[in-house]
Protein chains: 2
Amino acid sequence: MVQENHSKVPIPTLGRLATYLRVLNELQMLEVSTVSSAEIEQQTGINAAQFRKDLSYFGEFGKPGVGYSVSELQQSIAKILKLDRRQAVLLVGAGNLGSALVGYQGMAEHRMELMGIFDSNPSKIGTMLGTLRVQSIHCLVEVNMKLNARIAILAVPAQVAQSVSEILVEAGVRAILNFAPIPLRLPENVAVRNVSFMQELAVLSYQAAEEVSQLSEFESF
Amino acid sequence: MVQENHSKVPIPTLGRLATYLRVLNELQMLEVSTVSSAEIEQQTGINAAQFRKDLSYFGEFGKPGVGYSVSELQQSIAKILKLDRRQAVLLVGAGNLGSALVGYQGMAEHRMELMGIFDSNPSKIGTMLGTLRVQSIHCLVEVNMKLNARIAILAVPAQVAQSVSEILVEAGVRAILNFAPIPLRLPENVAVRNVSFMQELAVLSYQAAEEVSQLSEFESF
DNA sequence: TGCTGTGAATTAGTTCACAGCG
DNA sequence: CGCTGTGAACTAATTCACAGCA
């Protein structure tokens, strides 16, 4: 499981790159040809120096006094993120969350294509989700010999997340977006990103209260 | 929009607190009465020193040589996160993602209760989602005068996210979990957490490729 | 002895500020 | 000039390492 940054690129930088890419796509639709770091800050809320620093990890993409070519930068970032060509993605877990992700158009925008959906629940297997038929998890390894997806979304209950993730690794998956609230123990050459709504809501619960207490502190003057 | 840490508690600490709380709930069900930081590390993958440091921002909860009382620590953390009593939560956007969140049991486990669902789409308004009826967004301010929810989940398209978020603030919401891929511009006393699947997938896309290149580097010997 | 709590050291990430190019 | 690219300064977060209590 990749935790350390083997290379020297900060992980938050990679996330922001995806944001820049989305904005560049939009600008290209609006036929804007050039953009400055200050305009990117305006659009994204990300500090202009941060934007320039993020790009500096990968090379020089702008022209001093002018800015960046929208189309060139768009292509450069897509290439960095390996989103310059279709990426096959697997989904395991056809529950509420899995179904919602099938309809998520952000993936198509970034050329990630859901190519296989798997579940262990017999009542789900065989049903259609979008254009894909839900397959048995037992077929996963075999099916991915053809698909060759390296990225998977894991949206299964916590109890089975570890064992399913091991099947994914066996099937050749190198990167997993994990929605289960448990840490996956996997070989270190497999990248894992955990998404936890509960963590986010807990932070907000604390912060919502924090603000109130600050207000009442203020009001007490 | 709260970005800065007004107090000195790191935001990642708050997220991890939610993880500890979940594990403590489980231990309590198993009737385990005492736990050490090393055992927490075992369960969560979070470094034992990190766990102790996280707690140290809020007080002293353990006994040297013994560990922590599961039930006491559970209550203490719940109190810190304001999850020691029911928290009302609003959901705006009854699309795929919103529907999936309705079925998410992690919320109930942490005493967060979805109390109102809103949408602007006339074909959605009036339909049932779980036990709740989807209401018009125009009723939001009025409805929340009774509910008094301070936390909301924003699962609407990017184009309307800013204006809907302003309605939430007008209705008294102080904390927003934002699934729209745009930065919300809101008063600084409103906390916002952004969730972006695309960012996570982009990071993974990069890392999946990175690992491959490392492997091939290795194979080339 | 076995654990916690925590300053100190370290590592990671962000922002500044400015040299230098177009 | 107006912008980029980037070392240097700063701020944030993690991990170490150990003193001290039960």
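Numbered from 1 within each chain, the chains take letters A, B, ... in sequence-line order.
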Q: Starting at atom CD of A/Glu60, determine the distance to atom C1' of C/dG22, rounded to an integer number of angstrom.
A: 13 Å
Q) Nearest to the side chain of B/Ser36, which nucleotide is it out of C/dT6, C/dC3, C/dG13? A) C/dC3
Q | Check: B/Phe179 ring centre within less than 6.0 Å of A/Phe197 ring centre | A | yes
Q) To the side chain of A/Pro64, which of D/dT15, D/dC3, D/dT6 is closest? A) D/dC3
Q | Sugar-phosphate, base or nothing in reach of A/Ser37, heavy atoms under 4.0 Å | A | sugar-phosphate
Q.
Just the rounded figure in Å: distance from P of D/dA12 to OH of B/Tyr57.
A. 11 Å
Q. Could you give the CD-to-C1' distance, from B/Gln50 to C/dA9, as a whole number of Å?
A. 15 Å
Q: Let me know, please, whether A/Val66 or A/Thr13 comes out on the 5' side of the other along DNA chain C by nearest nucleotide.
A: A/Thr13
(Q) Could you tell me how far apart A/Asn47 (CG) and C/dC16 (C1') are, to the nearest whole angstrom? (A) 9 Å
**Q.** Between D/dT15 (P) and B/Ile40 (CD1): distance, integer Å
**A.** 16 Å
(Q) Heavy atoms from C-beta onward define the side chain here; which of C/dC18, D/dT14, D/dT15 lies closest to that of A/Arg52? (A) C/dC18
Q. Are side-chain N/O atoms of A/Gln43 and A/Glu39 paired as donor and acceptor at under 3.5 Å?
A. no
(Q) We want to know whether A/Gln74 and A/Asn25 form a side-chain donor-acceptor pair, criterion being a heavy-atom distance below 3.5 angstrom. (A) yes
Q.
Quick check on DNA chain C: between A/Lys63 and A/Lys53, whose nearest nucleotide comes earlier from the 5' end?
A. A/Lys53
Q.
Distance check needed: D/dC16 P versus B/Ile46 CD1, whole Å only.
A. 15 Å
Q.
Judged by each residue's nearest nucleotide on DNA chain D, which is more toward the 5′ side, A/Gly65 or A/Asp54?
A. A/Gly65
Q) Do A/Tyr20 and A/Tyr68 have ring centres separated by under 6.0 Å? A) no
